[in-house]
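Below is one structure, written out as structure tokens, with a few remarks after it.
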Amino acid sequence: MDLDHVVRGRVPRPGGFDDLVVTVSAGAISDIRAAIEGDPESTGILLPGLVDLHNHGGGGASFHSTSLDEIATAAGVHHAAGTTTLLASTVTDAPARLLEVVSALATAAETGLIAGIHLEGPFLAHSCRGAHDPSLLISPDVGLTRELVAAGRGHLRMMTLAAELPGADDVAAVLAEAGAVVALGHTAASAALTRSFLAGPGSLVTHLFNGMPPAHHRDPGPVLGSLGAAGVGDACVELIADGVHLDDETVRAVMSMVPGSVVLVTDAMAAAGMADGDYQLGPLSVEVRAGVARVADGTGNGSIAGGTSRLIDQVRRHAAAGIDLAMLMKAAGLRPATVAGLDAGRLDVGARADLVLTDESLRPTRVMRHGAWLTS
């Protein structure tokens with residue numbers, strides 16, 4: 001058998017590491033075994049490729065684009081940092097423009113650049129719109145949803161919508177029929193409605209805490225409703241664990257409360273991997289100062305406008321704070337892949353060879369995607 005690559009590294013397990021040798025053949029993992037004397041030296045910490053379900057761009061480029069070159073630039077910045085599988089996220093826009101963007105993203109998915117499409121908007125609550133143009137928000141529309149599904153050509157994996165809006169259940173049914181994940185987000189739904197929605201069509205909560213009212217002990221709202229649903233069912237909750245969208249103690253608390261239900265996401269926008277400056281998020285202008293992106297053009301209210309981290313940055317941040325690396329990797333790899341129905345985020349024989357080598361501080365040194373090294 002011709003061997004393409006043999007890689008040795010320290011693979012995180014609960015409470016520690018295993019020293020393993022991974023053999024890659026024809027783009028897939030063909031063998032995994034414990035290292036023995038005479039094997040190549042360890043190349044550092046070895047992780048499966050990370051999986052990001054909520055990502056608007058990076059490297060100065062946006063996924064909310066009809067340019068395949070721009071989409072490729074945005075994807076490449078995250079691939080090189082170890083996120084070997086990602087969904088490209090859109091933002092609220094005029095229906096005609098949104099259909100054009102979805103069609104371009106479907107082409108990018110067909111080439112393997114991205115793993116699918118995540119629609120964030122336009123069916124969002126006005127009061128919880130965050131960095132979405134309020135003039136372009138509309139009520140859930142089954143006809144438009146069917147058009148978006150068709151434009152996605154089988155690559156629409158997820159859509160975020162507010163459960164309390166009239167017609168949300170009908171849109172959710174169309175999405176479920178198309179095999180897309182129904183995500184609750186940018187919502188002011190009551191706790192009861194939240195739990196009902198997540199026990200029904202919904203299976204994911206878009207960036208928990210962000211884009212929703214804060215929890216109150218007499219008005220628990222979508223935050224506590226989501227945590228309650230995640231605690232007793234299959235629903236998962238996204239966390240943007242970058243130290244900007246959420247305090248680190250909030251992340252620690254949620255991972256303690258619902259450890260098997262957390263999905264780490266970046267909500268990255270064009271400034272990810274870039275310096276401070278002025279950027280676009282769909283139709284909105286965004287200012288990035290000290291690494292924090294905020295709406296700049298007056299159509300929002302100074303809302304945080306996406307993230308500037310890459311997923312490995314969040315894993316590194318919270319591993320340094322003492323959260324078990326194996327737990328973090330589940331939240332940044334296998335679990336999001338499972339939620340979106342993707343075969344990714346795992347180190348198993350037969351799995352696609354997506355590997356990330358890092359130094360001891362979890363900074364990537366080499367990344368393999370689909371069996372090929374991206375970095376030397």
**Q.** Under 3.5 Å: donor-acceptor pair, side chain of H56, backbone of S89
**A.** yes
Q. At what distance, to the nearest 0.5 angstrom, does CG of D267 lie from CG of D242?
A. 8.5 Å
Q) Hey, quick one: are L99 and L136 part of the same hydrophobic cluster, counting side-chain heavy atoms closer than 4.5 Å, chains of contacts allowed? A) no
Q. Rounded to the nearest 0.5 Å, how far does OG1 of T358 lie from CZ of R363?
A. 10.5 Å
Q: Only counting residues at least two apart or in another chain, list the ones meeting salt bridge (charged side-chain N to carboxylate O under 4.0 Å, His left out) with D39.
A: R33
Q: Using the test side chain to side chain contact (heavy atoms under 4.5 Å, CB included), find all partners of S256 that sit at least two apart in sequence or belong to another chain.
A: none
Q: Consider only side-chain heavy atoms of I, L, V, M, F, W and Y, link residues closer than 4.5 Å, and tell whether L264 and L362 are in one cluster.
A: yes
Q. How close do R8 and T43 get, heavy atom to heavy atom, and via which atoms?
A. O-OG1, 2.6 Å
Q | Side-chain (R13) to main-chain (D18) donor-acceptor, under 3.5 angstrom | A | no
Q. What class does the angle between the rings of H54 and H118 fall in, given that below 30° is parallel, 30 to 60° is tilted and above 60° is perpendicular?
A. perpendicular
Could you give the side-chain donor-acceptor pairs of residues 321-330 under 3.5 Å, partners two or more places apart or in another chain?
| unit_1 | atom_1 | unit_2 | atom_2 | d |
| --- | --- | --- | --- | --- |
| D324 | OD1 | G15 | N | 2.9 |
| D324 | OD2 | A326 | N | 3.1 |
| D324 | OD2 | M327 | N | 3.3 |

Q.
With side-chain contact (heavy atoms from CB on, under 4.5 Å) as the criterion, how do L208 and L246 come out once you've worked through the C-alpha distance, each side chain's angles and the decisive distance to 0.1 Å?
A. CA-CA 9 Å; L208 183 69; L246 299 175; over 6 Å; no
Q. What's in the same ILVMFWY side-chain cluster as V181, cut-off under 4.5 Å, chained through other members?
A. V51, L53, L87, M158, L204, I240, V263, V265, V339, L342
Q. From M212 CE over to T187 OG1, what is the distance, rounded to the nearest 0.5 angstrom?
A. 7.0 Å
Q. Backbone N or O of L193 within a donor-acceptor pair of the S190 side chain at under 3.5 Å?
A. yes
(Q) Test your reading of the model: is there a side-chain donor-acceptor pair from R129 to the backbone of H126, 3.5 Å cut-off? (A) yes
Q.
Using every non-hydrogen atom in the two residues, find where P12 and I45 come nearest and quote the distance to one decimal.
A. CD-CG2, 4.5 Å
Q: Using the side-chain hydrogen bond (donor to acceptor under 3.5 Å, both in side chains) rule, take T66 and E100 through it: C-alpha gap first, then chi angles, then the decisive distance, then the call.
A: CA-CA 7 Å; T66 57; E100 292 175 350; 5.7 Å; no
Q) Do V182 and V171 come close enough that some side-chain heavy atom pair is under 4.5 Å? A) no
Q: Search all heavy atoms of P364 against all heavy atoms of R316 and return the closest pair with its distance.
A: CD-NH1, 4.4 Å
Q.
Please determine whether side-chain hydrogen bond (donor to acceptor under 3.5 Å, both in side chains) holds for the pair T266 and D52, giving the CA-CA distance in whole Å, both sets of side-chain angles, and the decisive distance to 0.1 Å.
A. CA-CA 7 Å; T266 60; D52 193 356; 2.5 Å; yes
Q: Say whether M255 and F209 are linked into one hydrophobic cluster, either directly or through other cluster members, by side-chain heavy-atom distances under 4.5 angstrom.
A: yes
Q.
If you compare all heavy atoms of A115 against all heavy atoms of T85, which two are closest, and at what distance to 0.1 Å?
A. CB-CG2, 3.6 Å
Q) What pairs with H186 under side-chain hydrogen bond (donor to acceptor under 3.5 Å, both in side chains), at least two apart in sequence or on another chain? A) E120, H207
Q: Report the hydrophobic cluster partners of V292, with the cluster defined as I, L, V, M, F, W, Y residues connected by side-chain heavy atoms closer than 4.5 angstrom, directly or transitively.
A: V244, I304
Q. Roughly how far, to the nearest 0.5 Å, is the CZ atom of R10 from the CG atom of L46?
A. 11.0 Å
(Q) Grouping I, L, V, M, F, W and Y whenever their side-chain heavy atoms are under 4.5 Å apart, do F197 and V142 come out in a common cluster? (A) yes
(Q) Under the criterion side-chain contact (heavy atoms from CB on, under 4.5 Å), I'd like the reasoning laid out for R346 against D354: C-alpha separation, chi angles, the key distance, then a yes or no. (A) CA-CA 8 Å; R346 61 190 180 97; D354 293 340; over 6 Å; no
Q: Flag the pair F63 / L113 as yes when at least one side-chain heavy-atom distance between them is below 4.5 Å, and no otherwise.
A: no
Q. Which atoms form the tightest heavy-atom contact between Q280 and A270, and what is the distance?
A. O-CB, 4.2 Å
Q) Transitive ILVMFWY cluster of L137 at side-chain heavy atoms under 4.5 Å: who else is in it? A) L124
**Q.** Nearest-0.5 Å distance that lies between atom CG in L156 and atom CG in L119
**A.** 5.0 Å
**Q.** All salt bridge (charged side-chain N to carboxylate O under 4.0 Å, His left out) counterparts of R294, not counting sequence neighbours
**A.** none
(Q) Quick check against the 3.5 Å criterion: does T365 have a side-chain atom that pairs as donor or acceptor with the backbone of D359? (A) no
Q. What are the two closest heavy atoms between P283 and V91, and how far apart are they?
A. CD-CG2, 4.0 Å
Q.
With a 3.5 Å distance limit and no angle check, can you tell me whether S196 reaches the backbone of A192 through a side-chain donor-acceptor pair?
A. no
Q.
What I'd like to find out is whether the side chain of R153 reaches to under 4.5 Å of the side chain of T107, using heavy atoms alone.
A. yes
Q. Do any N or O atoms from the side chain of H5 and from the backbone of A372 form a donor-acceptor pair under 3.5 angstrom?
A. no
Q. Residues two or more places apart in sequence or in another chain: which of them pass salt bridge (charged side-chain N to carboxylate O under 4.0 Å, His left out) with R335?
A. none
Q | L334 reachable from L20 in the ILVMFWY side-chain graph, under 4.5 Å edges | A | no
Q | SB check D248 R317 (cutoff 4.0 Å) | A | yes
Q: Kindly say whether A108 contributes a backbone atom to a donor-acceptor pair with the side chain of T111 at under 3.5 angstrom?
A: yes
Q.
Looking at R366 and L357, would you say the former's side chain and the latter's main chain have a donor-acceptor pair under 3.5 Å?
A. no
(Q) Measuring only between side-chain heavy atoms, which start at C-beta, is H79 closer than 4.5 Å to V367? (A) no
Q.
Could you check whether any side-chain heavy atom of V295 comes within less than 4.5 Å of a side-chain heavy atom of L281, counting everything from C-beta outward?
A. no
Q.
What I'd like to find out is whether the side chain of S226 reaches to under 4.5 Å of the side chain of L198, using heavy atoms alone.
A. yes
Q: Quick one: list whatever passes side-chain hydrogen bond (donor to acceptor under 3.5 Å, both in side chains) with S135, sequence neighbours left out.
A: D133
Q: Check whether any side-chain heavy atom of S203 lies under 4.5 Å from a side-chain heavy atom of D234, and answer yes or no.
A: no
Q: For side-chain hydrogen bond (donor to acceptor under 3.5 Å, both in side chains), just list the numbers for R352 and T84, CA-CA rounded to whole Å, side-chain angles, deciding distance to a tenth of an Å, and then say yes or no.
A: CA-CA 11 Å; R352 192 175 67 196; T84 53; 5.3 Å; no
Q: Using atom types as modelled and distance alone, determine if a side-chain donor or acceptor of T308 lies under 3.5 Å from a backbone N or O of G291.
A: yes
Q: Go through the structure and list residues passing salt bridge (charged side-chain N to carboxylate O under 4.0 Å, His left out) with D276, not counting sequence neighbours.
A: none
Q: Would you check if L355 and I29 make a side-chain contact, meaning some heavy-atom pair closer than 4.5 Å?
A: yes
Q) How would you list all residue pairs meeting salt bridge (charged side-chain N to carboxylate O under 4.0 Å, His left out) that involve residues 63-79, not counting sequence neighbours? A) none
**Q.** Distance in Å, I117 CD1 paired with T90 OG1, rounded so as to fall on 0.5 Å steps
**A.** 8.5 Å
